[in-house]
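Working notes for the structure below.
Just so you know, these numbers come straight off a predicted model, no measurement behind them. When a ligand or atom number is given, it counts from 1 through the structure's own listing order.
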Amino acid sequence: MSISDIGKAKIVYEDQEVELPLMEGTMGEKAIDISKLRATTGLVTLDNGYGNTGSCSSEITFIDGDKGVLLYRGYPIEQLAEKADFVEVCYLLIYGHLPSADELSGFRDKLTHHSLIHEDMKKFFEGYPPSAHPMAILSAMVASLSAYYPEEDGDTNIIRLLAKLNTIAAFSYKKSIGQPYIYPRNDLDYAGDFLHMMHAVPAEPYELDDTLVEALNLLLILHADHEQNCSTSTVRMVGSSGANLFASIASGICALWGPLHGGANQKVIQMLERIEKDGSDYKKYVAMAKDKDNDFRLMGFGHRVYKNFDPRARILKKSADAVLSKLGVNDPLLDIARNLEEVALNDEYFVQRKLYPNVDFYSGIIYRAMGIPTNMFTVMFALGRLPGWIAQWKEMKENPKARIYRPRQVYTGATQRDY
Ligand code: SDX
């Protein structure tokens, strides 16, 4: 499927009237192609935070922020969340179609047989202090995989990275709590194997709880891709220079770490805990979030694209109930989250700015109920987002027209002067 040229947009500038191609995507999005703007008028565009700038055309994910629509390769997120498992969604995003039964079992088999990391990599973990944030370890380990697999063999390195990130994440957790590493097991599927590596201890058998496996598959699917968000754009930016897959994904992990992006799920729980400690006075915090003199933000609220509900938040809000009751967990933070949402959605400040709960608002409550520590929440986001990053990197690498990312600027510094 491709982008179509549907006519012209006119820019009138000084004595010039310049026509630029008007493009349209398969879901009706329209864009002005400005690639010839500077050559014809000497002008560049300025768009703080790229809020209105398309960096590429892509066939992977579509979001309609006004309608709360999210499609992975055309399939609605609600259907994939209900019917698919995460490995199937990985295949769909990366290879572009839902796998046949044979393709899926072959893919699962490859992931199973690439899940070990080189024994020498365990030495890297020994160098970190126990307090090291797992995202620091994750990005360093992923970049270091290029030392073990220097050949730029697309598909095998894609399988290796998908299979090993689980193991690296679980090992970083075990290291942080001083427990022995639990190795991947070939008889467990992707989500079950991760939970086993996270929670099993050598001394006793670990029974996988289907509720946890189901919840993890759902969480990973909901995080799997999201168009050109900050970390995905970073992966494309770094990959556009010709950097290898591991270096590109390691940079995406660093971008995701920020509290305004993937780091928000950890900040949401810390915010809810703070409110709980403060007598659960959530109205006070809504007021603080509105106060321009206070830099407090309602973490987990707002989104650059969604100006309606984030469909992922809607699904997670529902599943939080189901997971917590199945696990017999009664978490007061869930009530505080619900009350916050209720008050904010009826408050002019949030309504006017179209601020709704995003994917990070409820995810942490489910991770908590699953026994995953708060400082691992953004790692969980990275595990989910990995197939999306890989798919976007691959799409760019396979695009013969792809160019190195090199935005322009408007200089506002000192005019030329002598030394
Ligand atoms: C993710 O891009 C993606 O798709 C990301 C993601 C993905 O799947 O990859 O969806 C994952 O990163 C979700 C977002 C997680 N971040 C948070 O929950 C952090 C809290 N939210 C915000 O900081 C903010 O809403 C952003 C970063 C998400 C969006 O920032 P924008 O689009 O740059 O919006 P903005 O900062 O310009 O805010 C617009 C207005 C401002 O007020 P005014 O200047 O108009 O008076 O809304 C206010 C902001 O002060 N505002 C908030 C707010 N978010 C925005 N006020 C209080 N609480 C908030 N959370």
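Residues P99 and E88 form a side-chain contact, since some pair of their non-hydrogen atoms from C-beta on lies under 4.5 Å apart.
The proximity of R304 to ligand 1, defined as any non-hydrogen pair under 4.0 Å, involves the side chain as well as the backbone. Contacts of Y306 with ligand 1, taken as heavy-atom pairs under 4.0 Å, are absent altogether. Only the side chain of R312 comes within 4.0 Å of ligand 1, counting heavy atoms alone; its backbone N, CA, C and O stay farther away. With a heavy-atom cut-off of 4.0 Å, L260 touches ligand 1 through backbone and side chain alike. Residue contacts with ligand 1 for D310 are absent, since no atom lies close enough (heavy atoms, distance under 4.0 Å). At a heavy-atom cutoff of 4.0 Å, ligand 1 is contacted by no atom of E227, backbone or side chain. Of all the heavy atoms of K292, the ones lying under 4.0 Å from any atom of ligand 1 belong exclusively to the side chain.
A salt bridge links E398 to K394: at least one charged side-chain nitrogen sits closer than 4.0 Å to a carboxylate oxygen. With salt bridges taken as basic N to acidic carboxylate O contacts below 4.0 Å, one links D64 and K67. Between D321 and R338 there is a salt bridge, since a side-chain N of the basic residue sits under 4.0 Å from a carboxylate O of the acidic one. Electrostatic pairing of E78 and R314 does not count as a salt bridge here, judged by no charged N lying under 4.0 Å from a carboxylate O. A salt bridge links R160 with E151: the distance from a Lys NZ or Arg NE/NH1/NH2 to an Asp or Glu carboxylate oxygen falls below 4.0 Å. At a threshold of 4.0 Å, the pair K36-E19 does not count as salt-bridged, since none of the basic side-chain nitrogens sits closer than that to a carboxylate oxygen. Using a 4.0 Å cut-off between charged nitrogen and carboxylate oxygen, R108 and D189 do not count as a salt-bridge pair.
The closest non-hydrogen atom to atom 28 (C) of ligand 1, taken over G388, A344, G300, G302, comes from G302.
Every N/O-N/O distance between G262 and ligand 1 stays at or above 3.5 Å. For ligand 1, one of its N or O atoms has an N or O atom of F301 under 3.5 Å away. Considering backbone and side-chain atoms together, L355 places no N or O closer than 3.5 Å to any N or O of ligand 1. The distance criterion of under 3.5 Å between nitrogen or oxygen atoms is met by L298 with respect to ligand 1. Residue K307 places no N or O, backbone or side chain, under 3.5 Å from any N or O of ligand 1.
Judged by distance alone, with hydrogens and angles left aside, the side-chain atoms of N358 form no donor-acceptor pair with the main-chain N or O of H303 at under 3.5 Å. With hydrogens and angles disregarded, no donor-acceptor distance shorter than 3.5 Å links the side chain of D278 to the backbone of S280. Judged by distance alone, the side chain of K164 and the main-chain N or O of L116 form a donor-acceptor pair under 3.5 Å.
By the 6.0 Å and 45° rule, R385 does not stack over the aromatic ring of F381.
Of all protein heavy atoms, the one lying nearest to atom 35 (P) of ligand 1 is R297 NH2, 4.0 Å. Here the protein heavy atom with the shortest distance to atom 40 (C) of ligand 1 is R353 CD, 3.8 Å. Remark: minimum distance from atom 2 (O) of ligand 1 to any protein heavy atom is reached at N229 CB, 3.4 Å. Regarding atom 13 (C) of ligand 1, its nearest protein heavy-atom neighbour is D360 OD2, 3.4 Å. Atom 14 (C) of ligand 1 has N358 ND2, 3.5 Å as its closest protein atom, hydrogens excluded (heavy atom only). Protein heavy atom at the shortest distance from atom 4 (O) of ligand 1 is H226 ND1, 2.6 Å.
Within the listing of ligand 1, atoms 15 (C), 16 (N), 17 (C), 18 (O) sit less than 4.0 angstrom from a heavy atom of A264.
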